[in-house]
Each structure stands twice: as structure tokens, then as C-alpha cells.
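This chain uses plain numbering: 1 for the first residue, then up along the sequence.
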Amino acid sequence: FGQDVNECCVQLLKIPVFHPQFQAIVMETVFSQLLRLPSPPMLPIFYSRLIEILVDKQKSMQEVRDRAYQALFERSTELDEECLEVLAEAFAYHLIHSGYQAEWGPFTAEGVSQHALRLLRRTLERTQRLSFHQNLFHRLPESVHSSIPPEPLPATGLPVQSKAEFAKMLGFIRIKEPDEKLVLKYCRKLLRLQPKGEENTHDQVKADTEAADQEGQAKAVDSAAQEREEADFGADEVPEGEQEPSAKRQRAEDGGVRAVAEPETKAEEAEAEAEALEALEAVLTGAGPRASTSQP
């Protein structure tokens, strides 16, 4: 029933038990869950609402609730600090729900313990959050005014508070401007307002950032254009290591022809010289020249 307090209340009151202390047992059970350590199973506000709804649906439980609060206040010295915090929240919600009507005797009687006074201060602090400061002085008895926390005031003396826009914004708050769009529009306008020095610095940083972005975009365009040119015309230029094997073979064949031609020419010269020597020898001996199979 964590999301439906009313249904939880209805189911509790429907328990088929006929016991003279049934209401006291139910209230005690709810308070025991509220003050459970180290933390209650549900949020404290759940149990605070459940207690008040039980009283609203069954008026006879009002006296039981008041006696439970009084018993806890009288034994506040025995409560843990976490329990005091949770009890202060529950009692603050009870004050708002009951029109600030409560039994203040445990906090105003003579010889009140420090634990009780601390519980009262914590309760009024949380009540002020649910209401507003001036309302506490009007609705609470004078005997507890000394425990009301000081009025929360906004910070003063800030440079922004001297501007006309700030005064206009305060006017919106005082009159509770119903047009949400108008208030948000004016808030955005206030966010854009800056002192002159900050404006100049902001403009300079913005200009530098835009210039850097433009320069980066120009470099990216140049790089992309260069890559496209290399892709279009780079195919015609074949690196030396990637030349076709036929060209290498052609150069190798040309070199081989020249290397072979030179040795063949020297052999013909040597054969011609040998034939010339034989012819000269034949003339000297008178035998005449021999027939040669090769032409000089």
C-alpha cells in the first residue's frame, strides 16, 4: 500500500478483530513502524499521512493519537536522535493538518528537558517549511514563540540585485505571475545579462572559438581536395618499385644483347687476324692461300 495511503487505511480498519483495544493497537503499530531504527520501512510522510487519515475516517481514534504523541513527548529523553528527527516531521505534519491545534504542555511546563525543547525547535523548523514564518507567529501560542526559527531571508548586497531586471523579477514573484511562459522567458533574459567585463571576455572567447572552427573547416576542405586530386591523377604515376615486369625484362634484354654483341665482335677480329697470318705464311712458303669457309 505504499502508493495508496487511503487504501491502506481502509484495509487496516477492516481487520475482523473485536477487541476493546483494537484502535490503540493499530495506532501503536503505526507509530512503532514510524520510529523503527535504523530507518522506517516506508518514508516518514507515509506514516504521518496514515495516522491523520485513520483519525479522519474514524473520529474515535483522535484521542488515541493525541495520547500517543503525549507519551512520546514525555519520554523524549529516551528516544534516539534519528527517532527525534522522524517524530518532529510527523508532528509538524500533524500541526498543519489539525490547524496548529495541539497540547503544548509538555513543551511549556516548568522543568522541561532539553530533549523536549530540541524536539520542539525541530518541529517548528519543519512546520515553517510547510507554511511560512509570519503564519507561525499568528497561529501558535506565545509560549512557543521563542522556539520559532528565524525568518529565512534572501542574500543581499549582490551586484545583480541593483539591476532593474532583478526588481522586475521580484515583482513577478510578489504578484505570482500566472503566465508560466512569461516568467520563464524573463528568466532566460536574466541569464543572458552579464557585466561588461564578462561580456567582453565572453565575446572574445566566442570569436576565437568561431575563428578556430572556421580554420579547422578550411583545413579539412583542403585536405579532402588534395586527397581527391591524388586519387584522380596518382594512378598515372607508377612508382619505381611497381613498374611492370615487361619494362624490367626489356631493359634486361637490351643489356644482355649489348653484353653478348661485344664478345662476338672480338671473336671475329681474332679469327680474321688468324686467317691473315695464315695467308702471309702461305705466301712466304709459296704454298698459296688456303680456302676459307668464312668471309673476311
Side-chain angles (χ1 to χ4, degrees), residues 1-108 115-116 118-136 138-141 144 147-149 176 178 180:
F1 304 104
Q3 297 181 357
D4 194 341
V5 184
N6 289 291
E7 183 64 24
C8 180
C9 176
V10 171
Q11 295 300 324
L12 285 175
L13 296 177
K14 283 184 177 180
I15 295 177
V17 175
F18 296 96
H19 193 279
Q21 301 297 327
F22 171 75
Q23 297 179 2
I25 294 172
V26 171
M27 193 63 66
E28 180 182 359
T29 303
V30 175
F31 270 98
S32 64
Q33 292 295 305
L34 172 66
L35 302 176
R36 182 178 176 180
L37 291 175
S39 60
M42 306 293 293
L43 292 176
I45 187 62
F46 172 82
Y47 300 101
S48 302
R49 293 180 59 196
L50 180 59
I51 292 171
E52 301 304 325
I53 294 176
L54 284 171
V55 174
D56 292 341
K57 291 185 178 298
Q58 193 158 333
K59 297 299 182 180
S60 58
M61 298 188 72
Q62 180 175 354
E63 184 180 357
V64 180
R65 177 201 61 190
D66 294 341
R67 289 206 313 264
Y69 274 120
Q70 295 300 318
L72 290 172
F73 295 156
E74 292 174 358
R75 304 182 64 177
S76 59
T77 56
E78 302 176 11
L79 295 178
D80 193 88
E81 288 295 323
E82 286 76 7
C83 292
L84 285 177
E85 293 286 341
V86 174
L87 183 60
E89 293 182 9
F91 191 53
Y93 183 82
H94 165 67
L95 290 177
I96 297 296
H97 187 78
S98 62
Y100 299 90
Q101 301 297 321
E103 177 59 41
W104 301 101
F107 305 107
T108 59
H115 286 77
R118 187 163 68 251
L119 174 61
L120 176 61
R121 287 194 297 269
R122 294 181 181 179
T123 300
L124 297 183
E125 286 177 359
R126 285 152 179 79
T127 307
Q128 184 172 254
R129 297 177 184 176
L130 299 174
S131 180
F132 55 95
H133 183 73
Q134 290 80 7
N135 193 34
L136 299 185
H138 291 302
R139 305 295 297 274
L140 296 177
V144 298
S147 299
I148 296 177
K176 297 182 180 180
E180 180 181 357

Does the side chain of [X] reach to within under 4.5 Å of the side chain of [Y], using non-hydrogen atoms?
X	Y	result
P40	L35	no
H133	I148	yes
F73	L120	no
E103	D66	no
L34	L50	no
P41	R36	yes
I25	H19	yes
L95	L130	no

Requested in this report: Under the side-chain contact (heavy atoms from CB on, under 4.5 Å) rule, what do H94 and I51 come out as? Steps first, then yes or no, please.
Outcome: CA-CA 9 Å; H94 165 67; I51 292 171; over 6 Å; no

So how far is it from [X] [atom1] to [Y] [atom2], rounded to the nearest 0.5 Å?
X	Y	atom1	atom2	answer
F107	R121	CZ	CZ	11.5 Å
N6	I53	CG	CD1	4.0 Å
S76	L119	OG	CG	6.0 Å
L140	L124	CG	CG	6.0 Å
I96	R129	CD1	CZ	13.0 Å
T123	L84	OG1	CG	9.0 Å

Query raised in the report: So, for C83 and L79, which heavy atoms are closest and what is the spacing to 0.1 Å?
Result: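 Taking every non-hydrogen atom into account, CB-CB, 4.2 Å.
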
Query raised in the report: Checking side-chain contact (heavy atoms from CB on, under 4.5 Å) for the pair L13/Q58: CA distance, chi angles, key distance, verdict?
Result: CA-CA 9 Å; L13 296 177; Q58 193 158 333; 3.3 Å; yes

Query raised in the report: Strictly by modelled atom types, are E89 and S48 linked by a side-chain donor-acceptor pair under 3.5 Å?
Result: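 Looking only at side-chain atoms, S48 and E89 do not form any donor-acceptor pair under 3.5 Å.
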
Query raised in the report: Can Y100 and S131 be counted as having a side-chain donor-acceptor contact under 3.5 angstrom?
Result: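 Yes, a side-chain donor-acceptor pair sits under 3.5 Å.
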
Requested in this report: Just do the side-chain contact (heavy atoms from CB on, under 4.5 Å) check on F46 and C8 with the steps written out, would you?
Outcome: CA-CA 10 Å; F46 172 82; C8 180; 4.1 Å; yes

Atom [atom1] of residue position [X] - does it have more than 12 heavy atoms of other residues, nucleotides or ligands inside 6.0 Å?
X	atom1	value
R118	CZ	yes
Q70	CD	yes
E63	CD	no

Report task. May I have the step-by-step check of salt bridge (charged side-chain N to carboxylate O under 4.0 Å, His left out) for R67 and E28, ending in yes or no? Result -> CA-CA 10 Å; R67 289 206 313 264; E28 180 182 359; over 6 Å; no

Query raised in the report: Charged N to carboxylate O below 4.0 Å: is that the case for E81 and R122?
Result: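 Counted as a salt bridge, because a side-chain N and a carboxylate O are separated by less than 4.0 Å.
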
Query raised in the report: Are the charged groups of K57 and E52 less than 4.0 angstrom apart, N to O?
Result: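 Judged by the 4.0 Å cut-off on N to carboxylate O distance, K57 and E52 do not form a salt bridge.
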
Query raised in the report: Should E7 and K14 be marked as a salt bridge (charged side-chain N to carboxylate O under 4.0 Å, His left out) after you check the CA-CA gap, both sets of side-chain angles, and the distance that decides it?
Result: CA-CA 11 Å; E7 183 64 24; K14 283 184 177 180; 6.0 Å; no

Report task. Please work out whether the ring planes of H97 and Y93 are parallel, tilted or perpendicular, with thresholds of 30° and 60°. Result ->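 Parallel, since the angle between the ring planes stays under 30°.
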
Query raised in the report: Parallel, tilted or perpendicular: which fits the ring planes of W104 and F91, with parallel below 30° and perpendicular above 60°?
Result: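 If you compare the ring of W104 with that of F91, the planes turn out perpendicular.
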
Query - Sidechain-backbone polar pair: Y47 side chain, M42 backbone, donor-acceptor under 3.5 Å - result: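 Yes; at least one donor-acceptor contact below 3.5 Å.
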
Query raised in the report: Please walk me through it: do R65 and Q62 pass side-chain contact (heavy atoms from CB on, under 4.5 Å)?
Result: CA-CA 5 Å; R65 177 201 61 190; Q62 180 175 354; 3.4 Å; yes

